[in-house]
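Numbered from 1 within each chain, the chains take letters A, B, ... in sequence-line order.
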There are 2 protein chains.
Amino acid sequence: MLPFAPLDSAAWSERLRETGLKSTSGRVAALEHLSTHPHTTANEIHTALTKELPALTLQSVHNIVQDLTAHGIIRRIDPLGPGGARYETRTDDNHHHLQCVRCGRIEDIDCAVGAAPCLTPHSTHGMRILQADVTFRGVCGECDKRPQP
Amino acid sequence: MLPFAPLDSAAWSERLRETGLKSTSGRVAALEHLSTHPHTTANEIHTALTKELPALTLQSVHNIVQDLTAHGIIRRIDPLGPGGARYETRTDDNHHHLQCVRCGRIEDIDCAVGAAPCLTPHSTHGMRILQADVTFRGVCGECDKRPQP
DNA sequence: ATCTTATTTTGAATGAATCAAAATTGCTGG
DNA sequence: CCAGCAATTTTGATTCATTCAAAATAAGAT
């Protein structure tokens with residue numbers, strides 16, 4: 001079970017309108033997919049939605065994730081390594097990530113503190129700190145069983 | 001003053017050979033540039049070195065940063081937003097980053113704990129944690145003065 | 001000095017993301 | 001319910017970062 005129940009399409013529509021954005025089938029479908037499949041790329045979203053929305057183009061998916069990111073409805077992450085940007089719908093809970101250094105898999109992990117910023121640096125270089133992004137790197141169970149290549 | 005004195009070219013040559021890599025002018029120049037200009041892209045390295053090494057191609061710089069990363073001599077970071085991968089020579093001190101959300105500038109910041117992992121998550125999803133990557137996001141002094149666009 | 005092999009160059013190709021203009025769709029007010 | 005405006009998507013092309021393969025070169029060992 002996900003820590004946050006994924007919203008249904010009506011709820012996503014409402015959220016879009018509240019934010020001043022139009023509710024379109026592409027946006028709602030992308031949000032539904034992202035909430036059940038976190039950390040997916042624009043490409044993966046497009047592939048997944050092409051069955052129910054054959055007309056939706058990859059460029060539109062790029063537009064969608066960019067617009068939604070700019071309005072704070074989704075969050076962009078740029079994981080280490082190849083593969084491009086990934087997106088997620090959990091934006092306000094200050095959660096963190098676990099990434100396997102072998103297979104690249106990403107998992108969510110709740111923040112111990114909860115509120116952002118959950119850490120504060122010693123010296124800030126004159127910067128006003130808003131939040132701390134934490135990514136734990138390690139080796140996942142699957143990859144740990146397998147001998148290294 | 002940098003927290004770690006940048007190595008001179010002889011020292012970088014030695015470090016390369018110790019690692020089992022050949023010491024080439026491109027690699028040494030890239031390492032010298034990276035140690036004095038942290039968080040630069042392959043493109044920026046190439047542009048900076050083109051004066052002293054006109055024959056060095058961008059593809060070679062990509063080869064170089066990839067090889068050096070694979071051997072742990074430099075570290076790759078993928079900052080949020082556009083612009084591609086960046087690299088740095090500080091690999092063993094478990095330091096963290098500050099990134100301005102407006103201009104994208106990145107600064108180094110020493111880790112409070114020092115040894116990796118400096119944080120441990122509550123639930124690990126069965127993953128063996130090696131280190132914690134922390135990036136503080138905020139608004140730098142420069143951008144805070146300027147009114148928002 | 002030469003030989004072996006790693007590295008760089010050359011030239012081309014891929015993949016992610018962006019841009020501009022035309023077509024379409026959602027939503028507002030009549 | 002229909003018309004009209006504006007936001008959004010599509011279409012088509014382009015840019016940028018990165019990778020690939022084969023040929024040329026240079027580093028370091030013998």
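The C1' atoms of five pairs define one axis at each end of the helix from dA1(C)-dT30(D) to dG30(C)-dC1(D), and these two axes lie 40° apart (to 10°).
Comparing Ser23(B) and Ala85(B), the nucleotide of DNA chain D nearest to each residue sits closer to the 5' end for Ala85(B). Looking at which nucleotide of DNA chain C each of Leu56(B) and Pro82(B) is closest to, the 5′-most match is held by Leu56(B). In terms of position on DNA chain D, the residue among His62(B) and Ala55(A) whose nearest nucleotide sits closer to the 5' end is Ala55(A).
Looking at heavy-atom distances under 4.0 Å, Gln66(B) makes contact with sugar-phosphate atoms alone, never a base. Within 4.0 Å of Thr24(B), counting heavy atoms only, lie sugar-phosphate atoms of the nucleic acid but no base atom. Using a 4.0 Å heavy-atom distance criterion, Leu58(A) is classed as making no nucleic acid contact. Contact annotation for Thr41(A): no contact, since no heavy-atom pair falls under 4.0 Å across all strands.
The CZ-P distance, from Arg17(A) to dT25(C), rounds to 17 Å in whole Å. Across the protein-nucleic acid pair, His46(A) atom NE2 and dA17(C) atom P stand 14 Å apart, rounded to whole Å. dA17(C) atom P lies 11 Å from atom CD of Glu44(A), rounded to whole Å. Nucleotide dA17(C) holds its P atom 12 Å from the CD atom of Gln59(A), rounded to whole Å. dT8(C) atom P lies 12 Å from atom CG of Leu49(B), rounded to whole Å. Look at CG on Leu53(A): it is 17 Å from P on dT24(C), rounded to the nearest Å. With rounding to whole Å, Asn63(B) atom CG is found 12 Å from dT10(C) atom C1'.
Between the side chain of Arg128(A) and the backbone N or O of Val139(B), no donor-acceptor pair lies under 3.5 Å. Not a single donor-acceptor pair under 3.5 Å links the side chain of Glu52(A) to the backbone N or O of Leu49(A). In terms of modelled atom types and a separation under 3.5 Å, the side chain of Thr47(B) and the main chain of Asn43(B) share a donor-acceptor contact. The closest donor-acceptor contact from the side chain of Gln131(A) to the backbone of Pro117(A) lies at 3.5 Å or more, if one exists at all. In this structure, the side chain of Ser60(A) does not engage the main chain of Leu56(A) through any donor-acceptor pair within 3.5 Å. Between the side chain of Glu88(A) and the backbone N or O of Arg75(A), no donor-acceptor pair lies under 3.5 Å.
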* **Candidate pair Arg90(B) and Asp110(B), rule salt bridge (Lys or Arg N to Asp or Glu O under 4.0 Å), full reasoning** => CA-CA 11 Å; Arg90(B) 290 179 62 182; Asp110(B) 290 322; 2.9 Å; yes
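From the 5' end on, the contacts that DNA chain D makes with chain A at under 4.0 Å to a non-hydrogen atom open and close at dA6(D) to dA13(D).
In this structure, Ile109(B) is not a member of the same hydrophobic cluster as Ile77(B), with clusters built from ILVMFWY side-chain heavy atoms closer than 4.5 Å.
A close approach under 4.0 Å does not occur between any side-chain nitrogen or oxygen of Asn43(A) and OP1 or OP2 of dG15(C).
Aromatic pair His39(B)/His37(B): centroids not less than 6.0 angstrom apart.
The shortest heavy-atom contact between Cys140(A) and Cys100(A) is N-SG, 3.5 Å. Minimum heavy-atom separation, Pro79(B) to Ile106(B): CG-CD1, 3.6 Å.
Of the residues listed (Asn63(A), Asp67(A), Ile73(A)), the one engaging Arg27(A) in a side chain to side chain contact (heavy atoms under 4.5 Å, CB included) is Asp67(A), and it is the only one.
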Between the protein and nucleotides 3-5 of chain C, list the N/O to N/O atom pairs that are separated by less than 3.5 angstrom.
| from | atom 1 | to | atom 2 | distance (Å) |
| --- | --- | --- | --- | --- |
| dT5(C) | O2 | Lys22(B) | NZ | 3.2 |

